[in-house]
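Here's the structure, in structure tokens; my notes come after.
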Amino acid sequence: MGILLGLVLAIICATVLVLPFLSARRNPMARELDDLSETTRQREAIYDEIRMLQLERDVGRVEQPDYEKGLHRLRLQAAAILRREEQLVRSRGDRDWALEEEVRSMRQQLTVSSVGQVTCPNCSTVVETPASECPQCGTPLAEEEAR
Amino acid sequence: MAEFGSIAIRIALAMSIYSAVGSVLGARLGMPELVRSARYSIYLIALSLGAAIVALVVAFLSHDFEIRYVAEHSSRAMATVYTWVAFYAGNEGSLLFLAGVLALLSSIALWRAPRTMAFSLPYVNAIMAIVLAFFAILLVFLADPFAQLTFVPQDGQGVNPLLTHPGMFIHPPMLMTGLVAVTIPFAFALGVLVSGRVGDEWVDTGRVWALIAWAVLGSGLLLGAWWAYTILGWGGYWAWDPVENAGLMPFLGLTAFVHSIMVQKRRGMFRLWNIALINITFSLALFGMFINRGGPVPSVHSFGQSTLGWTFLIFLGLTILGSFVVYFVRMPRLRASRTIEATLSRESAFLVNNLLLLGVAFITLWGVIYPLISEIFLGRRVTVAEPFYNQVNGPLLLALIFLMGVGPLLPWRSASLSNIVRALRVPLITAGAVILLALALQIFNPLVLLSVGLLGLVSGGIAHEWVRGTMSRHKRGENYPLAFVRLIAANRPRYGGYIVHLAVVALALGIVGSSFYDKQRDVILAPGEVASIGEYQVEYITTDVIDEPEFVKFNTHFELFQNGESLGTMVSSRDFYPTFRMASTRPAILSGLIEDVYVSSTELLEDGSASFRLFVNPLVWWVWAAGPIMILGTLVSLWPERRKRREPAPRQGQGAGSEREAAD
């Protein structure tokens, strides 16, 4: 009886171990997803830090000028992480992203015509037109607009 | 059942080797199906070991004395309820328990691991599998719980009488689970390092598992103290016994780790330090298991002794070597981008807290191994006792309590002196008030005054912050209870930590009270005679002698009075087990918030008189109260926060949108 039960256990184990090979599906995006999740984690960490700073201000542990200084620095960090995250999403060739990009590009064209400013699609710096490239990151603006 | 159990542990061994090799090969060769199969094998180890555990329990219940372990640790007269205790009463069973728990925890950890860790998870899996393989090797080759006797005895030897105590149902499992659970944060930290990643993706998971291990180990230690207090009959709860120390050292390491990991989580600092810390903690946990499994130092837990300890020592050596080789290879890439900005900051407080905790851990380690060191270098075995630990660790623990009060009041990055003075005003006033109260109660011992002052400082700081935060929320329209609950919920790691700090205050209060103001008296009383201790009087009535098949029970009846007023009749018992040549004592304890009256009857003399050991232990109740408070604090800390989903892409300038979101 004991040996029989052991045999059943061994068969269950062998079957479960083989299962992944029978339904093998390679996922070449794993590494990229991993990178994206890391930036997501970083973003959440910054949000946490902002929440904590607000809490510290609320309980009177941090004075208003220090709070504002800290908040400004954290906002800049968050913005940088968001940009990195969006770059990663874009590099995944996500269809939704492409669509969003197209809409954004059309909006930018509208902005150019109305107020004479353009937002760099790479680093989000607002650049006054006419300008051939972004003074912040060097992304060619004319090419982006043309697209 | 013996055959089934044997097959199950052998399958677990095969699975663990497959999992260790398969996950690394799968990652290296880019074969996700092999990685997945290796991960499944961790689940299968849990299944196989679970089956082996069930097989052993069934063997105990069916009195299958053909299995040596069952014959050695149970008998037909043993109450069925003690089957669970008998299960881990010896090495073989406790190793099976350790392996089963580790397999279960590893399965949950891998199943719940975040997607951020997809790249390094195979290496985490491999490390868990290696530790599991170590346990499986022990079970198959050195401590087989299903080994059979060549004959079937009529009855077994029975369970160790010291283990037949309610505390034993939960203290050893908690302690063992806590020790082995350290493997999980260690595997995450080292696995990420081996994979070549040096980021912070393991920090959240590592913190959660370290907190779980910390709470379980802490509860196990406290339950052990309760067991010692209520069954050993010596009136105390902590004796710096090597096995107690073996659990305490990794607990201190974990305490340091759960603090410093917050610095990495919040500020991206202490990366090197945290990896080193978890390596040290895991090594201390293995050392704890080594001491438990028959290490070379004498202990009240000698029932677990065997030569298995040395295999733990070898594994410990290999672990220290392996983990620190990886650490040093990755060191150049591990350096944090940020450094401590100011001496007066929360980061600095965390660092000093870590150093103090490790200081206490290493002093304790030194005390544990000193008998061996003295034997090697002095030629004679010198055992260090309670005074050594109290004198050396006492001041460090006081410094830790001071930091526990001041550290959380400091802001991150840097604090100005005016900031600190303002933050410390209320805690210092509370400390002063507590000291004045102590003086009014005629407490003049400077060490006690310092201790209670520091406890007042910690409590005052916590209460002040909670009151101020609640008032602030109340001004925004929330009622007081809601404001308080929402304040706690707004920053669970922090306020959960504060609750744990309150548990430490309760624990320290109990330790201070019972260490400095305990009273003890040994007396011999004839029936009708009265002995006094403090404001209590004990009048001996009689002793019943009850012959049971496995033991002889001596029930000593006495009446307790306080200032002449009867508090009732109480019974203290002492059981003698001829088979084990062992006695177990159940003292009579009248426990209260202020003090415990503890009466232990030690011997019934031929002339009908009985010897008693009387104690009055102040504030011990607070030591036990610390346990539930600590668990509550840990649960609050671990309770996950609901994340807000990101808003859709901004309509206008992205940069401005990003900043808006960051400010939410």
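Order of the sequence lines sets the chain letters (A, B, ...), proteins ahead of strands, with each chain counted from 1.
- Between the OG1 atom of B:Thr470 and the CD1 atom of B:Ile488 there is a distance of 7.5 Å, given to the nearest 0.5 Å.
- Heavy atoms of B:Arg422 lying under 4.5 Å from chain A belong exclusively to its side chain.
- Only the side chain of B:Ser472 comes within less than 4.5 Å of a heavy atom of chain A; its backbone N, CA, C and O stay farther away.
- If you measure heavy-atom distances from B:Arg10 to chain A, you find no contacts under 4.5 Å at all.
- Contacts with chain A were tallied for B:His464, B:Arg468, B:Glu3; B:Arg468 has the most, counting heavy-atom pairs under 4.5 Å.
- With a 4.5 angstrom heavy-atom cutoff, B:Met15 touches chain A only via side-chain atoms.
- Only the side chain of B:Ala490 comes within less than 4.5 Å of a heavy atom of chain A; its backbone N, CA, C and O stay farther away.
- Expressed to the nearest 0.5 Å, how far CG of B:Asp204 lies from CE of B:Met117 amounts to 10.5 Å.
- Residue B:Pro408 touches chain A through its backbone alone, counting heavy-atom pairs closer than 4.5 Å.
- Considering OG of B:Ser41 and CZ of B:Arg36, their distance stands at 13.5 Å, rounded to 0.5 Å.
- Ring geometry for B:Tyr495 versus B:Trp466: interplanar angle over 60°, hence perpendicular rather than tilted (30 to 60°).
- How far CZ of A:Phe21 is from OG of B:Ser37: 4.5 Å, rounded to the nearest 0.5 Å.
- The most heavy-atom pairs under 4.5 Å with chain A, out of B:Ile11, B:Ile7, B:Leu47, B:Leu44, come from B:Leu44.
- Proximity to chain A (any heavy atom under 4.5 Å) is shown, for B:Tyr43, by neither the backbone nor the side chain.
- If you take CZ on B:Arg494 and OH on B:Tyr498, they are separated by 4.0 Å, rounding to the nearest 0.5 Å.
- Here the CG atom belonging to A:Leu74 is positioned 9.5 Å from the OH atom belonging to A:Tyr67, to the nearest 0.5 angstrom.
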